[in-house]
Colleague: 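Quick one: structure below, then a few questions.
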Amino acid sequence: MKGGVRKRGKKWYYYFDAGTVDGKRKKIERVGGLTKKEAQEALRNALNEFDNCGSVVDQSNISVSDYLDFWYNEYVLINCKFNTQVNYKATIENHIKPELGIYKLKSITTARLQEFFNKKFKEGISRSSLDGYKGILSLSFKMAVHPYQLIKENPMNYIKLPKASKSDKNSVKTVSIEDFNRILQRFPFGHKLHIPLQIAFHTGLRASEVCGLTWDNIDFENKTLTVEKILLTKSAKVSEFQSPKTNSSLRTIHIGDTLCNLLKRNKIWQKENKLKYGEFYIDSEHDFVCLDENGEFVTTMNFRHLCHVVNKDLGIDFNFHMLRHTHATLLFVNGANPKDIQERLGHSRIDITLNTYSHLTKKIKKETVNIFEEAIK
């Protein structure tokens, strides 16, 4: 592409041919600086930007660290949910950048990436965390190939994650019925965390799904519960509704008499509290299922206190997500159909359910053979 510089008055200008528009050659000329050297530098930058369709990144020397910042701002912040943004940011800053950030994007090799994953595995990082690292690097490098055209091939295409150990495969943690009852005794009916605990245990809902439930999501006549939104907590004072994790997370599930009756009791309790507190009752524009006595709605931040009390005071190894695993495990060991469990949990694919609870499905397969053997005797 032709271009040059020239002086006009006290300033130096650069110019170049941009191409043909409607059969006519289009020429671009702009101020380059006060000196010839400045104008020549401006010309080089302008030609580079024009050749790369206005790319805002330096294709020749951009580091992995700078590229990940660019990718995060241009893709993650625009297309991903808040929780995903937070998780991606933490992984990039705490794990990927310290190991890989200094390298030039165009120079990073599959060998160096494989070394990174092997090192993390040896440090005891779980397989699920390694899967998370791989997902971020695979997607970001794939986009570096297209649409950004910064590298010719994705070096993540040939990465093999270390095989998970047996302990890692069985890393799904559950809480026993006995321990769950101890937790309920510590947070009895009337405590703001009692209903969230019961809903998660009886349905397998995620924490944000539990907090996002409103009374129009509960159908007492048909004994169903519908997940159509989540309550996302961004800070102590900021919470907002968002769509669930995936389309498959939008679901309606059946609930048993135990939970159904408890929710009816809870609804009556809320009405009584509203009369009791009068003008001091905190009225929300949304009719939440999970409320404190004074009408304040429950958020996922409240579960931090819950976990602290259960772990420290009761001595039970616990986090709220364990209730989801406990619900699924109870269904598996008591013969529920895996497809029904998948739909109940809102997994997008059956293999996610089967892989997550693979230690249970193997046990079920053995029991299936035993059932057949008994049947033919």
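All values derive from a computational prediction rather than experimental measurement.
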Colleague: Determine whether I199 and L259 make a side-chain contact, defined as any pair of heavy atoms from C-beta on separated by less than 4.5 Å.
Modeller: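 Yes - at least one pair of side-chain heavy atoms lies under 4.5 Å apart.
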Colleague: Shortest non-hydrogen contact from A207 to F303?
Modeller: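 Closest approach of A207 to F303, heavy atoms only: CB-CE1, 3.7 Å.
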Colleague: Any sub-3.5 Å donor-acceptor pair from E293's side-chain atoms to G190's backbone N or O?
Modeller: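 Here the side-chain-to-backbone pair does not exist.
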Colleague: May I ask you to test the L113-F141 pair for a side-chain heavy-atom distance under 4.5 Å?
Modeller: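 Heavy-atom side-chain distance check passes, below 4.5 Å.
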Colleague: Would you say T246 and S249 are linked by a side-chain donor-acceptor pair, where the criterion is simply a distance under 3.5 Å?
Modeller: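 On atom types as modelled, these side chains qualify, holding a pair under 3.5 Å.
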Colleague: Would a single hydrophobic cluster contain both F297 and F280, if residues Ile, Leu, Val, Met, Phe, Trp and Tyr are joined by side-chain heavy-atom contacts under 4.5 Å?
Modeller: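 No, because F280 and F297 fall into different hydrophobic clusters, even though each may have its own neighbours under 4.5 Å.
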Colleague: For the side chain of N181 and the backbone of E178, is there at least one donor-acceptor N/O pair under 3.5 Å apart?
Modeller: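 Between the backbone of E178 and the side chain of N181 there is no qualifying donor-acceptor contact (under 3.5 Å).
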Colleague: Over 60° means perpendicular and under 30° means parallel, so tell me whether H325 and H321 are parallel, tilted or perpendicular.
Modeller: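 Geometry flag for H321 against H325: perpendicular rings.
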Colleague: Considering all heavy atoms of both residues, which atom of M156 and which atom of N154 are nearest to each other, and what is their separation?
Modeller: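 Residues M156 and N154, closest heavy atoms: N-OD1, 2.9 Å.
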Colleague: Flag yes if L331 and L225 sit in one hydrophobic cluster, no otherwise; membership is Ile, Leu, Val, Met, Phe, Trp, Tyr, and two members link when side-chain heavy atoms are under 4.5 Å apart.
Modeller: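 No; L225 is not reachable from L331 via cluster members.
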Colleague: Step through it carefully: locate the ring centre of Y158, locate the ring centre of F117, and say whether they are under 6.0 Å apart.
Modeller: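 So the answer is no for these two rings.
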Colleague: Given 3.5 Å as the limit, does a donor-acceptor pair link the side chain of N118 with the main chain of P162, or not?
Modeller: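 Looks like no, no N/O pair under 3.5 Å.
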Colleague: Is the shortest heavy-atom distance from the side chain of I253 to the side chain of V227 under 4.5 Å?
Modeller: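 No - every pair of side-chain heavy atoms lies 4.5 Å or more apart.
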Colleague: Determine whether L139 and L137 fall in the same hydrophobic cluster, where Ile, Leu, Val, Met, Phe, Trp and Tyr are linked whenever their side-chain heavy atoms lie under 4.5 Å apart.
Modeller: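 Yes: a chain of side-chain contacts under 4.5 Å links L139 to L137.
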Colleague: I136 versus W71: any side-chain heavy-atom pair under 4.5 Å?
Modeller: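 Yes; the side chains approach each other to less than 4.5 Å.
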Colleague: With rounding to the nearest 0.5 angstrom, report the CD1 to OG distance, I230 to S208.
Modeller: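 Answer rounded to 0.5 Å: 4.0 Å.
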Colleague: Under a 3.5 Å threshold, yes or no: a donor from one side chain and an acceptor from the other, between T226 and T252?
Modeller: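 T226 vs T252: donor-acceptor pair found between side chains.
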Colleague: Going through the distances and angles, do T214 and N217 end up as a side-chain hydrogen bond (donor to acceptor under 3.5 Å, both in side chains)?
Modeller: CA-CA 6 Å; T214 48; N217 298 137; 3.1 Å; yes
Colleague: So which heavy atom on Q198 is nearest to which on L262, and how close?
Modeller: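 Taking Q198 first and L262 second, the nearest heavy atoms are CG-CD2, 3.3 Å.
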Colleague: Are the side chains of H308 and R304 in touch, meaning some heavy atoms are under 4.5 Å apart?
Modeller: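 SC-SC contact between H308 and R304 ruled out.
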Colleague: Assess whether side chain to side chain contact (heavy atoms under 4.5 Å, CB included) is satisfied between E99 and K119, documenting all intermediate values.
Modeller: CA-CA 10 Å; E99 295 281 347; K119 179 182 178 183; 2.9 Å; yes
Colleague: Can you list, by chain and residue number, the hydrophobic cluster partners of Y13 when the side-chain cut-off is 4.5 Å?
Modeller: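 Reading the cluster by chain and number, Y13 sits alongside V31.
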Colleague: If you measure from CZ on R206 to CG on N83, what distance do you get to the nearest 0.5 Å?
Modeller: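 So the gap between those two atoms works out to 11.0 Å.
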Colleague: So, using side-chain contact (heavy atoms from CB on, under 4.5 Å) as the criterion, who are the partners of N261 when residues are at least two apart?
Modeller: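 Expected list: D257, K264.
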Colleague: Can F241 and F288 be said to form a ring-ring contact (aromatic ring centres under 6.0 Å, His included), step by step?
Modeller: CA-CA 12 Å; F241 284 128; F288 286 103; 5.7 Å; yes
Colleague: What's the verdict on side chain to side chain contact (heavy atoms under 4.5 Å, CB included) for D69 and K97, showing C-alpha distance, side-chain angles and the deciding distance?
Modeller: CA-CA 10 Å; D69 288 340; K97 278 189 179 182; 2.6 Å; yes
Colleague: Supply the atom-to-atom distance I183 CD1 to L306 CG, rounded to the nearest 0.5 angstrom.
Modeller: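 With rounding to 0.5 Å, CD1 (I183) is 7.0 Å from CG (L306).
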Colleague: Given side-chain hydrogen bond (donor to acceptor under 3.5 Å, both in side chains), test S243 with K81 step by step and report yes or no.
Modeller: CA-CA 9 Å; S243 58; K81 296 183 183 299; 2.5 Å; yes
Colleague: Go through it in stages, so that I can follow the logic: the residues are D131 and K134, the test is salt bridge (Lys or Arg N to Asp or Glu O under 4.0 Å), and I'd like the CA-CA distance, side-chain angles, deciding distance and then a yes or no.
Modeller: CA-CA 5 Å; D131 284 334; K134 184 179 181 182; over 6 Å; no
Colleague: Could you measure the distance from the OH atom of Y72 to the CD1 atom of I78? Nearest 0.5 Å is fine.
Modeller: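 So the gap between those two atoms works out to 11.5 Å.
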Colleague: Is there a chain of hydrophobic side chains (I, L, V, M, F, W, Y, each step under 4.5 Å between heavy atoms) that links I352 to L161?
Modeller: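 Looking at the clustering, L161 is in a separate group from I352.
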Colleague: Less than 3.5 Å apart, any donor N or O on the side chain of S65 or S63 sitting next to an acceptor on the other?
Modeller: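 The answer is no; no qualifying pair exists.
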Colleague: Any donor-acceptor pair under 3.5 Å linking the side chain of R344 with the backbone of H254?
Modeller: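 Between the backbone of H254 and the side chain of R344 there is a qualifying donor-acceptor contact (under 3.5 Å).
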Colleague: When you measure from the side chain of D66 to the backbone of I62, do you find a donor-acceptor pair of N or O atoms at a distance under 3.5 Å?
Modeller: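 No, D66 side chain to I62 backbone: no donor-acceptor pair under 3.5 Å.
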Colleague: Indicate yes or no: at least one non-hydrogen side-chain atom of V76 is less than 4.5 angstrom from one of K89.
Modeller: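 The answer is no; the side chains never approach within 4.5 Å.
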Colleague: Going by an N to O cut-off under 4.0 Å, is there a salt bridge joining R6 and E29?
Modeller: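 Salt bridge present between R6 and E29.
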Colleague: Would you check if the side chain of R186 reaches a backbone N or O of L314 as a donor-acceptor pair within less than 3.5 Å?
Modeller: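 No; zero donor-acceptor contacts below 3.5 Å.
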Colleague: Heavy atoms only: give me the nearest Y14-L43 pair and the separation to one decimal.
Modeller: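 The answer is CB-CB, 3.8 Å.
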Colleague: Is any side-chain heavy atom of I177 closer than 4.5 Å to a side-chain heavy atom of F180?
Modeller: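 No, every pair of side-chain atoms sits at 4.5 Å or beyond.
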Colleague: Report yes if the side chains of H95 and L130 come closer than 4.5 Å at any heavy-atom pair, otherwise no.
Modeller: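 No, too far: nothing below the 4.5 Å cut-off.
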Colleague: Ignoring hydrogens and angles, tell me if any N or O in the side chain of Q114 forms a donor-acceptor pair with the backbone of K160 under 3.5 Å.
Modeller: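 Yes.
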Colleague: Charged N to carboxylate O under 4.0 angstrom, E38 versus K11?
Modeller: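 Looking at K11 together with E38, the answer is no, because their closest N to O distance does not fall below 4.0 Å.
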Colleague: Are the side chain of H327 and the backbone N or O of F201 linked by a donor-acceptor pair below 3.5 Å?
Modeller: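 Yes; judged by distance alone, with no hydrogens or angles, the pair exists.
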Colleague: Can you name the closest pair of heavy atoms from K173 and M322 and give their distance?
Modeller: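 Nearest heavy atoms, K173 then M322: O-CG, 3.6 Å.
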Colleague: If hydrophobic clusters are built from ILVMFWY residues whose side chains come within less than 4.5 Å, do Y357 and L205 share one?
Modeller: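 Different clusters.
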Colleague: Looking only at atom types and distance, does a side-chain atom of S248 sit under 3.5 Å from a main-chain N or O of G346, one as donor and one as acceptor?
Modeller: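 Confirmed, S248 side chain pairs with G346 backbone.
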Colleague: With side-chain hydrogen bond (donor to acceptor under 3.5 Å, both in side chains) as the test, would you mind laying out the steps for T326 and T329 before giving the verdict?
Modeller: CA-CA 5 Å; T326 300; T329 298; over 6 Å; no
Colleague: Which of these, L77, L232, T233, sits in a side-chain contact (heavy atoms from CB on, under 4.5 Å) with F82?
Modeller: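 Only one option passes, and that is L232.
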Colleague: Working to the nearest 0.5 Å, report the span between OG of S140 and CD1 of I96.
Modeller: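 One gets 7.0 Å once the value is rounded to the nearest 0.5 Å.
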Colleague: Could you note down all residue pairs passing side-chain hydrogen bond (donor to acceptor under 3.5 Å, both in side chains) where residues 279-292 supplies at least one of them, sequence neighbours left out?
Modeller: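 Non-adjacent pairs meeting side-chain hydrogen bond (donor to acceptor under 3.5 Å, both in side chains): K274-D283.
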Colleague: Mind listing the closest non-hydrogen atom pair of W12 and L34 along with its distance?
Modeller: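 Heavy atoms of W12 and L34 come nearest at CD1-O, 3.4 Å.
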Colleague: Taking the inter-plane angle between the rings of H194 and F189 on a 0 to 90° scale, is it parallel (under 30°), tilted (30 to 60°) or perpendicular (over 60°)?
Modeller: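 Answer is perpendicular, since the angle exceeds 60°.
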Colleague: Using the rule given for side chain to side chain contact (heavy atoms under 4.5 Å, CB included), can you reason through W215 versus V289, listing the C-alpha separation, both sets of side-chain angles and the distance that settles it, and then say yes or no?
Modeller: CA-CA 6 Å; W215 283 112; V289 172; 3.9 Å; yes
Colleague: Can you find a side-chain donor-acceptor pair between K267 and Q270 that sits under 3.5 Å?
Modeller: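 No - no donor-acceptor pair under 3.5 Å links their side chains.
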Colleague: When rounded to the nearest 0.5 angstrom, what is the spacing between CG in N302 and SG in C290?
Modeller: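 Reported value, rounded in 0.5 Å steps: 10.0 Å.
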Colleague: I'd like to know if the side chain of R324 and the backbone of L345 have a donor-acceptor N/O pair within less than 3.5 Å.
Modeller: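 Side chain of R324 to backbone of L345: a pair is present.
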